[in-house]
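Worksheet for the structure shown next.
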Protein chains: 2
Amino acid sequence: MLDPVSRVRRFNRAVTSAVGALDTSFLGRGRPLGAARVLNAIGHSRADVGEIRDYLGLDSGLMSRLLRSLEDEGLIETTAHADDARRRIANLTPAGKREFNAYEAISNRQAKDFLSHHTQREALLAAMDLIASALGRDGTALTEMDPRSDEARYCLGEYYAELARRFKQGFDVKLSRDPDAKDMVRPRGSFIVAMSDGLPIGCVGLKGSSSEFAEIKRLWVAPAARGLGLGRRLMDAAENAACELGIAVLRLDTNSALAEAGQLYRRTGWSEIPRFNDDPYPDLFFEKHL
Amino acid sequence: MLDPVSRVRRFNRAVTSAVGALDTSFLGRGRPLGAARVLNAIGHSRADVGEIRDYLGLDSGLMSRLLRSLEDEGLIETTAHADDARRRIANLTPAGKREFNAYEAISNRQAKDFLSHHTQREALLAAMDLIASALGRDGTALTEMDPRSDEARYCLGEYYAELARRFKQGFDVKLSRDPDAKDMVRPRGSFIVAMSDGLPIGCVGLKGSSSEFAEIKRLWVAPAARGLGLGRRLMDAAENAACELGIAVLRLDTNSALAEAGQLYRRTGWSEIPRFNDDPYPDLFFEKHL
DNA sequence: GACGATATCTGACTAAAGTCAGACATATGC
DNA sequence: GCATATGTCTGACTTTAGTCAGATATCGTC
């Protein structure tokens, strides 16, 4: 009666009808769902027509017609791509922006309604995060970013906050050898953020130095995305970046309080080495030859 | 960037695309989605044509045509309702049952696949339960059942297991004044189970007695469904049943370890009274005049 | 500058979903 | 028994979604 499969299926049924309700609420603006979806994709700053087509899984003929109908309504304008005149770029007109905002308002109000009807807000949100990460796993993109970008700084903030929670003595960034952002930018190093559907859910830094090794720093995965192999993917990406930069030896330090991290390193070919710095927080040190 | 509304919306997006994938996988059997949905509804023992129409939100003309096409395929048979010949009852033929099982197999395999791809199985399942309960809240039906039914016994089993976990001294049903099932069946009393999409997720018993009061017993809500007001709905239903049975005074006993329950009683018009039995487990006693 | 590849568009379809008015049989209340 | 309500069915639609073959323009490359 309560086997895992029927629990998953109960969830599927609940969610199917919820999605149906969400879809029909979009019909209120007098536009078929297909056109509304395209308008929303453009509003969410997807401009390239081909990209939208892929994202929504549409046939090119259908896509073209939907674009035309939005254009006829005066909601979008299309122009040729600057570098490649075959490709088309779609943008919202002021009227289109108003219409897009109306759809946004519907979505936001529904989300707010849903939350306001339940007392277990935080638990619900955490559950939703977890499931969204699990479902969107293949949609999680690892992208190299500047460590001073908003997304990167959000990740780092969460990372520091988590260290502060998990270390008995707390954590103060200033006491740690905070890597200079420039050391985590090409050509010296790299900083990789995992983005899931617009939200940053993980990061890792590759800190180049003038010594004979580079360091892996700031590996973090959002609690909602743990257990899905994202840490490993981030580490792989960082090691790849290191290869590209011609780095032969990687080191990292960590703390035994972060048990998952230690496990990950051991399982992916890192070997423990003696302390190689005097940072007060780490008590475990690893090295890997690429 | 991480406000609650955008977290809900991220979840919605993830789930929308997952549902789309699920839907298209049903197309493989050479039948349009509408017909497949009707077949599945019938297979899940929804026989009444009107009920199916409501459940799937279909127009009566469309519904009729879908039924006809399934009938032409030899998958279902329709007969008139025994009590009301205007209504029609649909049932699967042997061929229909085979076809239905094929759809079930698709759904089951997908659910199994999903689970097998993730390491955090239990956390995922718990999150899914919570969300399914939250979404399906309006779909939760409270139905009076025999306390010896499978559903009721499942609830009671979970209830006892939870007491055993939460009481320091453990819990042994035999030491408690276990109400005779007959006391929780009309006309003496009642037993109400909350069913969400086929799964029992809560219960409450109304135990009639020969004394001047009846008792509320066995109030339980599945962990995945807590915080959604189900406890209150169950209590309301039990009090309604008591009214119908002409009961004027209700009592109940509980334990201060079950803090949520105590809060609920206080907030819904119950007043604390002195101990009225010698059961070893409860230490809090309430009464309410209807 | 010719050639194949690529991106989009157009026209001519089909299939599926949904709508609406009215027909028909059956139930219910007076 | 009659009027009215209810549940289903039928026919005649419309709209939406999706498919496919080719037209057109542009790009990159030799």
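Chain naming here is simple, since letters A, B, ... match the order of the sequence lines and numbering starts at 1 in each. The analysis underlying the following values was restricted to heavy atoms, covering all of them including side chains, and did not include hydrogens, waters or symmetry mates.
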[N] [atom2] sits how many Å from [X] [atom1], rounded?
{"X": "B:Asp54", "N": "D:dT8", "atom1": "CG", "atom2": "C1'", "answer": "13 Å"}
{"X": "B:Arg53", "N": "D:dT6", "atom1": "CZ", "atom2": "C1'", "answer": "10 Å"}
{"X": "B:Glu51", "N": "D:dT6", "atom1": "CD", "atom2": "P", "answer": "19 Å"}
{"X": "A:Leu62", "N": "C:dG11", "atom1": "CG", "atom2": "C1'", "answer": "14 Å"}
{"X": "B:Leu27", "N": "D:dA17", "atom1": "CG", "atom2": "P", "answer": "15 Å"}
{"X": "A:Asp84", "N": "D:dT26", "atom1": "CG", "atom2": "P", "answer": "11 Å"}
{"X": "B:Ile76", "N": "D:dT8", "atom1": "CD1", "atom2": "P", "answer": "13 Å"}
{"X": "B:Arg29", "N": "C:dA16", "atom1": "CZ", "atom2": "P", "answer": "16 Å"}

message: OP1 or OP2 of D:dT24 versus the side-chain N and O atoms of A:Arg86: is any pair under 4.0 Å?
response: no
- request: Output yes when at least one side-chain N/O atom of A:Arg68 is less than 4.0 Å from OP1 or OP2 of C:dC9, else no.
  value: yes
message: I'd like to know if the side chain of A:Ser64 reaches the main chain of A:Gly61, judged simply by a donor and an acceptor atom lying under 3.5 Å from each other, with no hydrogens or angles considered.
response: no
Going by modelled atom types, is there a donor-acceptor pair between the base of [N] and the side chain of [X] at under 3.5 Å?
{"X": "A:Arg37", "N": "D:dT16", "result": "no"}
{"X": "B:Arg88", "N": "D:dT8", "result": "no"}
{"X": "B:Arg65", "N": "C:dT19", "result": "yes"}

message: Measuring from the side chain of B:Leu58 (C-beta onward, heavy atoms only), which nucleotide among C:dG18, C:dT8, D:dC9 has the closest atom?
response: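 Closest nucleotide to the B:Leu58 side chain: C:dG18.
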- prompt: When you measure from the side chain of A:Arg87, which nucleotide among C:dT8, D:dT19, D:dT16 comes out closest?
  reply: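 My answer, after comparing the listed nucleotides, is C:dT8.
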task: Please figure out whether A:Arg31 or A:His81 has its closest DNA chain D nucleotide nearer the 5' end.
output: A:Arg31
- line: Here the gap from B:Arg98 atom CZ to B:Thr93 atom OG1, rounded to the nearest 0.5 Å, amounts to 7.5 Å
Chi angles and distances behind the salt bridge (charged side-chain N to carboxylate O under 4.0 Å, His left out) call for B:Glu51, B:Arg87: CA-CA 10 Å; B:Glu51 191 198 335; B:Arg87 289 157 66 191; over 6 Å; no
field: B:Arg232 atom CZ, over 12 foreign heavy atoms within 6.0 Å
entry: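 No, because the 6.0 Å sphere around CZ of B:Arg232 holds 12 heavy atoms or fewer from other groups.
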- line: Given the options B:Leu245, B:Val185, B:Asn240, B:Leu206 meets side chain to side chain contact (heavy atoms under 4.5 Å, CB included) only with B:Leu245
